[in-house]
Structure formats: C-alpha cells, structure tokens
Amino acid sequence: MARRRLGKVTKALLAPALALGATIGLASAPAHAAVWYSWDQWGNTNLGGYTLYNNIWGSGAGSQLIWANSGTNWGVWADHPNTGGIKSYPNSKKVINKSITSLRSLTSNYNVTVPWSGAYNTSYDIWDTDHDYEIMLWVNYTGAVGPLGTWQANVTLGGHTWNVYKGNNGANEVFSFLRTSNSSSGSVDILPILRWIKDTKHWMGDETIGDVQFGYEITSSSGGMDFRTDNLTVSSS
C-alpha cells in the first residue's frame, strides 16, 4: 500500500499542476485566500521549504481539492465515496536526509481541524531514503480504518502514548504508532521513536531518514469534508 503511494507521488513530480480556475469557490471557504490550489490527482508545489501533494492514489476515489497559504498552513476538501480502501494521502513534506545517529533532534508541531465523520487518519509518514521502512504516527483517526500488521507494544515516546503495530506491505516494512487518544494539536519528538525502533527493538539499522510527511490518509468523506492544517512545523538538527 505505502510503496504504491510513494510510487504514485514520484510520478506526480512529472505531472503539471492543474491551472487555477473559478471552481475553487464550490469547495472549501479557506481556499479562497490560498496562494496555491489544485484539483489535479498529482498536484504538487513547493512552499517555504515544504512540498505539498494532492496525492489521490487509491482506486475508487472521488474529487479532492488541495489548497495552501504556505507549507505549514494548508488543507483539503475531499469527497470520496463510503467504500473501503484508502483513496488519498494529501500531505506536506519536509526533507531531512540525515541518519538516525547523526540527528541531534527531530521534532514537529501540528494543529488540525478534521471532520467528526468519515473514515481517515491524521498521520506522519516517515521514510528512509531507500524506502525500505515506513514509520507512521497516527495522531487521530475516525471510522473504519486500521493499521497494517499486528500489535507489538504500548509505549510512551516523544510526548505521547502509542499502540505499536508492525507489518509488511510486500514492498517495505511498516511500523505504525497509533496514539491512544485522539489529538488535534500538539508536539511530537520524533527522534526517540526512531531510536526505539532502531536500538530497543532492532527492527532497522542506522537508516538515513529521507523525509517527514504530514497529512490525511482518507478512506471515505462522502458528501465533501474539510481537513485543515495550521501551524505545522518539522524541525531537525
């Protein structure tokens, strides 16, 4: 699943963003003031050191608009049918390109407004440069969604308590950390989580972390729903 999504995103870099049009007024009110938006399946842009992707990668998807005032203030309006399977992962990405042992810090802040219904998760998606490992941090989730693999542990790391799952999608290992209660805002200290995977569980070696993505893995949002991100930051040293 994740490998397919990543491959689709790679193709997005070659696809031109959809030209701006008056149809934006039909979707999300915050988009009116946006400096960029796109209805395109693989629409993407770079803003202030972050890369934004519309990333409608799943089968049976509906319509989705991504808008952004900056790489840290953006959102989507999505109308995906009430069927199973992930339809999209609109996200904002920050490139890191540092090994776990060379990182002194890797932190993030988030503040989101999400629907009360539908089926989705709000998550970080962290990749090594070889795309052998995917680390997902679910800060909230609603509806019929669940992680890949089997339950491994309950741990408190990076300022949150998580249920940890480990699985393989046929292309890469997936480590999913699901927050034990939903959160719409907060801070995550990501480096202790990476060190726990590497040093405590020995599930991976000293991998180079390629990028940290933050977004919404949407399964259904029938009728059209808004997902808004404010004050997102990803910082490393």
Side-chain angles (χ1 to χ4, degrees), residues 1-9 11-12 15 18 23-31 34 37-44 52-68 74-93 110-126 134-151 162-163 165 167 169-171 174 176-185 213-230 232:
M1 174 184 68
R3 172 66 70 177
R4 177 171 54 176
R5 180 173 68 238
L6 193 70
K8 295 294 189 181
V9 169
K11 293 179 182 177
L18 190 67
T23 51
I24 194 168
L26 301 176
S28 175
Y37 66 89
S38 178
W39 292 92
D40 189 74
Q41 183 177 13
W42 311 122
N44 64 92
L52 291 135
Y53 294 112
N54 206 20
N55 198 17
I56 308 170
W57 67 268
S59 62
S63 299
Q64 181 173 291
L65 166 73
I66 187 170
W67 59 267
W74 61 278
V76 293
W77 175 89
D79 184 3
H80 297 302
N82 186 22
T83 55
I86 298 166
K87 309 302 190 301
S88 66
Y89 181 62
N91 68 86
S92 180
K93 179 183 78 173
Y110 63 91
N111 188 330
V112 300
T113 303
V114 292
W116 291 102
S117 59
Y120 64 87
N121 67 66
T122 303
S123 59
Y124 292 89
D125 207 3
I126 303 162
E134 178 183 18
I135 300 98
M136 297 199 74
L137 312 178
W138 294 24
V139 296
N140 63 58
Y141 43 99
T142 296
V145 295
L148 182 70
T150 57
W151 183 88
W162 317 87
N163 283 312
Y165 295 78
N169 62 19
V174 183
S176 300
F177 290 69
L178 277 62
R179 200 177 186 276
T180 54
S181 60
N182 282 345
S183 170
S184 60
S185 64
Q213 304 169 15
F214 179 87
Y216 308 96
E217 199 170 49
I218 305 172
T219 293
S220 68
S221 54
S222 183
M225 297 181 183
D226 286 302
F227 301 78
R228 182 183 176 108
T229 307
D230 290 296
L232 169 70

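Residues: numbered from 1 along the sequence shown.
If you take CD1 on I66 and CD1 on I56, they are separated by 9.0 Å, rounding to the nearest 0.5 Å. Between atom CG of residue N91 and atom CG of residue D125 there is a gap of 7.5 Å, rounded to the nearest 0.5 Å. Atom NZ in K93 sits 14.0 Å away from atom CD1 in I126 (nearest 0.5 Å). In this structure, the separation between OG on S59 and CD1 on I86 is 10.5 Å, given to the nearest 0.5 Å.
Y124 places none of its side-chain heavy atoms less than 4.5 Å from the side chain of F177. Counting only heavy atoms from C-beta outward, the side chains of M225 and S117 approach each other to under 4.5 Å. Contact check for L65 versus S38: no side-chain heavy atoms found under the 4.5 Å cut-off. By the 4.5 Å heavy-atom criterion applied to side chains, T113 and S184 are not counted as neighbours. Counting heavy atoms from C-beta outward, L137 and I135 have side chains that approach closer than 4.5 Å. Residues T142 and V114 are not in side-chain contact: their nearest non-hydrogen atoms beyond the backbone lie 4.5 Å or more apart.
In terms of heavy atoms, D79 sits closest to G223 at OD1-N, 2.9 Å. Across all their heavy atoms, E217 and Y89 have their closest contact at N-CD1, 3.6 Å. Counting all heavy atoms, side chain and backbone alike, A61 lies closest to P81 at C-CD, 4.2 Å. Contact record, Y141 with R179: OH-O, 3.1 Å, taken as the closest heavy-atom pair.
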* To do: Could you go through the side-chain contact (heavy atoms from CB on, under 4.5 Å) check for Y110 and S183 one step at a time?
  => CA-CA 10 Å; Y110 63 91; S183 170; 2.8 Å; yes

query: Would Q64 and W77 satisfy side-chain contact (heavy atoms from CB on, under 4.5 Å), going step by step from the backbone distance to the final call?
result: CA-CA 6 Å; Q64 181 173 291; W77 175 89; over 6 Å; no

Could you go through N55 and W42, starting from their C-alpha distance and side-chain angles, then the distance that decides it, and tell me whether this counts as side chain to side chain donor-acceptor pair (under 3.5 Å)?
CA-CA 5 Å; N55 198 17; W42 311 122; over 6 Å; no

Q) Please walk me through it: do W138 and S123 pass side-chain contact (heavy atoms from CB on, under 4.5 Å)? A) CA-CA 4 Å; W138 294 24; S123 59; 3.8 Å; yes

*Decide side-chain contact (heavy atoms from CB on, under 4.5 Å) for T229 and N111; before the verdict, give the C-alpha distance in whole Å, the side-chain angles of both, and the deciding distance to 0.1 Å.*
CA-CA 6 Å; T229 307; N111 188 330; over 6 Å; no

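Counting only distance, with no hydrogens or angles, the side chain of K87 and the backbone of G85 share a donor-acceptor pair below 3.5 Å. Looking only at distances, no side-chain donor or acceptor of Y165 sits under 3.5 Å from a matching main-chain atom of V174. For the pair S88 (side chain) and P90 (backbone), a donor-acceptor distance under 3.5 Å is absent. Between the side chain of S221 and the backbone N or O of A78 there is at least one donor-acceptor pair closer than 3.5 Å. The backbone N or O of T219 sits nowhere less than 3.5 Å from a side-chain atom of H80 that would complete a donor-acceptor pair.
If you look at W74 and Y216, their ring centroids are closer than 6.0 Å.
At a threshold of 4.0 Å, the pair D230-R228 counts as salt-bridged, since one of the basic side-chain nitrogens sits closer than that to a carboxylate oxygen.
Ring geometry for F227 versus Y120: interplanar angle over 60°, hence perpendicular rather than tilted (30 to 60°).
In this structure, a donor-acceptor pair under 3.5 Å is absent between the side chains of Q41 and N54.
Put simply, the residue from N121, T122, N182 that forms a side chain to side chain donor-acceptor pair (under 3.5 Å) with N140 is T122.
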